[in-house]
Amino acid sequence: MKGSISRRHFLKGSGALGALFALDWILPVYARGSWINAVAPTTQLSGDVIDLTIAETPFHVGERVTTAITINGTVPGPLLRLREGQDITLNVTNRLPETSSIHWHGILLPPGMDGVPGVSFPGIEPGTTFRYRFTVKQYGTYWFHSHSGGQEQAGAYGSIIIDPAEPDPVRYDREYVIMLSDWSFSSVGSMIGKLKKQPGYFNFQKRTLSDFIRDGMRKGWLATLDNYLMWAQMRMDPTDLADITSHAYTYLMNGLAPAENWTGLFRPGERIRLRFIQVGVMTFQDVRIPGLKMTVVQADGQNVQPVEVDEFRMGPAETYDVTVEPKEDRAYTIFAETLDRSGFARGTLAPRPGMSAEIPPQRRHPVRSMADMGMQHMNGMDHSDHNPGNATTGEPETRMQHDMHGDRAGEGIQDRHDMHGRLEILGSKPVKHGPDDHGTGNQSVPDFTQSRLDDPGIGLGGDGRRVLVYTDLKSLRPYPDQREPERELEIHLTGHMERFMWSFDGKKYSDAREPIRFRYGERLRWTFVNDTMMEHTMHLHGMWMHLENGAGEYLPRKHTVLVKPAERVSVAITADAPGPWAFHCHLLLHMETGMFRVIEVSNAIPEMGS
């Protein structure tokens, strides 16, 4: 049956509607009518012992049949339903002809159980079984995936729901997991090879002569020419928003291409919990459900104070739980548009099988500005299209007000109050970049960086929609460790797009084998400074990062943090997990080409600044 390898998440539901849905899968294909392109309900596994098998399996993507790397024969893999406080054993068998692994993303566990080959785990050799054992210490929405080569992009991922030990503060009548992923018929290795030869290989949205004429008429010919020459001098392209675009990717929702229309059923008036997981290895997506408000109730598995939005951006490896309450007896489109606007994933919420709603038109792709890049070129006269409404309005706006006094690398990292007594976000003042250009491993450095946690990101905002920003996130309860950080570290996200090299502080992983050292038990502040023109999602294994977003005692806990170009983001960390841990950009091609380090937590006292 078409699409039979993929699975639908249908976790809650009862009565006649649920029975109808179940009956639909008992009937033969010819009797299913409009459900002929749908797929069977997802396997949900629970209990104290769970068996998983990694193998190659035929897989349908739209009309094409290919081979995926599956977990228990499906893409996505099975849903693991666990409970807080549970002692779990997961037996993972590798049926591939190569070494494999499973990493339990965002789960707190011993380092030997984390599943990153070469850090504290040997990998799972072909034909062998590895036994993961740990106590579940948390609640919420998480996921798991292979941490070996390109296996994650090839389908080796699945979802995890951990039910809380205490009553769940989120009320809902029905829930669905929605995994957003990017599928390619090309391998990760071939993609990297193409990008090393031609950095914009997958970008088909480059600026044209008509764009130059339009910009010249709107902003002036000298300013426009100066802007174009600046980008040429930096050997960068302001339209290069994504390394891999829809030219190579099909964007899937729960394993289904847009035309296959994953569907979740509901009764009008029900409150539905949607657990969004961004599995895309190289894709940022903007999620909305036209006609429905979404209330964000959880971020990266942790409860947050509810905030109502129309849209939110998800970077690779982030998760958001939202609730929606459709009142009308009609279908609603779940629309996940890529940041570069080249493609989308799509699904449907509907009261009956076979229904669909209108797919929103795709917005015009954004264009980066010098202000996005933290550049003071043209003395603030660069009005390229960063502004939130640039995808539709094209109105000029310069995002950064340059502070010429921020000439110290550490300036801007302390809390301050403005003249009205409002708490400013760490790093919200522009900070001048230091003299270190990070060597040949880095293409350029911004003149200034600053926090943009209240900025929805390029191509969002300005159209009347309420967009989630990081400053909206507040923990539901005060976090337990309220100590002030006793030590501060700064790490620069660096890269060379012309050579497609990605690194930290100008050094790729193979050139920086010495681990970053945390002292066991210390409270530290770590500031991520993005010196590149790309968004990155930074993932720390084994420990929480408290996002310093001005929420005081209610800083949100995250395992993955999105950092915009020319942005500095500070997180507070309690180093409570001894051992070696991975830290990396969760864009797979960036990690594979060097944006990876090992964190060592021990009783040894780190040298200052290390």
Side-chain angles (χ1 to χ4, degrees), residues 101 103-121 142-143 145-148 152 281 300-301 315-318 438 441-442 485 487-495 501-520 522-532 534-548 557-563 567-602 604 606 609-610:
S101 59
H103 164 57
W104 316 99
H105 187 98
I107 303 298
L108 306 177
L109 35 60
M113 301 289 106
D114 192 44
V116 182
V119 177
S120 59
F121 162 80
Y142 302 92
W143 62 297
H145 61 88
S146 171
H147 221 290
S148 300
E152 179 186 350
V281 298
D300 285 2
E318 288 191 294
H438 311 299
N442 194 50
R487 190 164 65 101
E488 298 186 6
L489 301 177
E490 186 170 289
I491 191 166
H492 288 248
L493 320 183
T494 50
M501 295 167 49
W502 298 95
S503 56
F504 293 119
D505 294 331
K507 293 182 179 180
K508 58 184 181 180
Y509 177 56
S510 58
D511 296 331
R513 286 291 186 174
E514 187 66 23
I516 299 170
R517 302 188 186 279
F518 292 176
R519 187 178 73 253
Y520 178 63
E522 75 172 326
R523 182 74 168 171
L524 62 94
R525 172 175 292 131
W526 204 4
T527 299
F528 308 141
V529 183
N530 188 354
D531 288 343
T532 79
M534 306 295 288
E535 285 81 3
H536 302 276
T537 47
M538 308 317 302
H539 175 44
L540 175 64
H541 292 224
M543 290 160 279
W544 287 114
M545 296 182 286
H546 286 96
L547 182 64
E548 295 194 296
R557 297 197 296 191
K558 289 183 69 44
H559 51 59
T560 306
V561 174
L562 192 161
V563 188
E567 183 175 33
R568 54 193 306 118
V569 176
S570 293
V571 298
I573 300 169
T574 299
D576 55 1
W581 300 101
F583 169 72
H584 58 91
C585 176
H586 218 282
L587 276 71
L588 181 61
L589 274 63
H590 292 186
M591 183 185 75
E592 288 292 316
T593 53
M595 217 169 190
F596 183 99
R597 293 294 293 272
V598 172
I599 306 297
E600 182 73 41
V601 180
S602 70
S610 67

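For this chain, numbers begin at 1 and follow the sequence in order.
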State whether the side chain of Ser120 and the backbone N or O of Pro111 hold a donor-acceptor pair below 3.5 Å, judged by distance alone. yes
Met538 and Trp526, any side-chain heavy atoms less than 4.5 Å apart: no
Quick check on ring-ring contact (aromatic ring centres under 6.0 Å, His included): which of Tyr509, Phe596, Phe504 does Phe583 satisfy it with? Phe504
Taking all non-hydrogen atoms of both residues into account, name the closest pair between Pro117 and His147 and its distance. CD-O, 3.8 Å
Contact summary for Leu587 and Pro316, nearest pair of heavy atoms: CD1-CG, 3.8 Å
Is any side-chain heavy atom of Val116 closer than 4.5 Å to a side-chain heavy atom of Phe121? no
I'd like to know whether Leu589 forms a side chain to side chain contact (heavy atoms under 4.5 Å, CB included) with Glu592, so could you lay out the CA-CA distance, the side-chain angles of the two residues, the decisive distance to 0.1 Å, and finally the verdict. CA-CA 5 Å; Leu589 274 63; Glu592 288 292 316; 5.6 Å; no
Say you draw a straight line from NE2 of His546 to OG1 of Thr574; how long is it, rounded to the nearest 0.5 Å? 6.5 Å
Distance (rounded to the nearest 0.5 Å) between Glu514 CD and Glu600 CD: 9.5 Å
All heavy atoms of Asp505 vs all of Thr494, minimum pair found to be N-OG1, 3.5 Å
What orientation do His103 and His541 show, parallel under 30°, tilted 30 to 60°, or perpendicular over 60°? parallel
Smallest heavy-atom separation, Ala572 atom then Arg523 atom, equals CB-NH2, 3.5 Å
Have Thr560 and His105 got a donor and an acceptor in their side chains that come within less than 3.5 Å? yes
Donor-acceptor pair, distance only, cut-off 3.5 Å: does the side chain of Asp531 make one with the backbone of Leu493? no
Got a sec, which residues hit ring pair (Phe, Tyr, Trp, His ring centres under 6.0 Å) with Trp581, two or more places apart in sequence or on another chain? none
Is there a side-chain contact between Glu152 and His586 (heavy atoms, below 4.5 Å)? yes
For the residue pair Asp576 and Leu108, establish whether any side-chain heavy-atom pair is separated by less than 4.5 Å. no
Side-chain donor-acceptor contact under 3.5 Å, Glu490 with His492: yes
Salt bridge (charged side-chain N to carboxylate O under 4.0 Å, His left out) partners of Glu535, counting only residues at least two apart: Arg368
Separation of Ile573 CD1 from Arg525 CZ (nearest 0.5 Å): 11.0 Å
Please assess Val571 against Val561 for the test side chain to side chain contact (heavy atoms under 4.5 Å, CB included), listing each intermediate value before the final yes or no. CA-CA 9 Å; Val571 298; Val561 174; 4.2 Å; yes
Looking only at heavy atoms, the pair that brings His559 and His539 closest together is O-ND1, 2.8 Å
For a quick test of reading the model, state the closest non-hydrogen atom pair linking Val563 to Val569 and the distance between them. CG1-CG2, 4.1 Å
Can His584 and Trp502 be said to form a side chain to side chain contact (heavy atoms under 4.5 Å, CB included), step by step? CA-CA 11 Å; His584 58 91; Trp502 298 95; over 6 Å; no
I'd like to check the salt bridge (charged side-chain N to carboxylate O under 4.0 Å, His left out) partners of Asp300; sequence neighbours left out, ordered by chain and number. Lys558
Checking Trp544 now: which residues fulfil ring pair (Phe, Tyr, Trp, His ring centres under 6.0 Å) with it, not counting sequence neighbours? none
side-chain contact (heavy atoms from CB on, under 4.5 Å) partner of Ser570, the single match among Val529, Thr527, Leu489: Thr527
By side-chain contact (heavy atoms from CB on, under 4.5 Å) - contacts of Met501 (at least two apart): Lys196, His496, Arg499
So Ile599 and Leu540, do their side chains get closer than 4.5 Å, heavy atoms only? yes
Ser148: what forms a side-chain hydrogen bond (donor to acceptor under 3.5 Å, both in side chains) with it, not counting sequence neighbours? Ser101
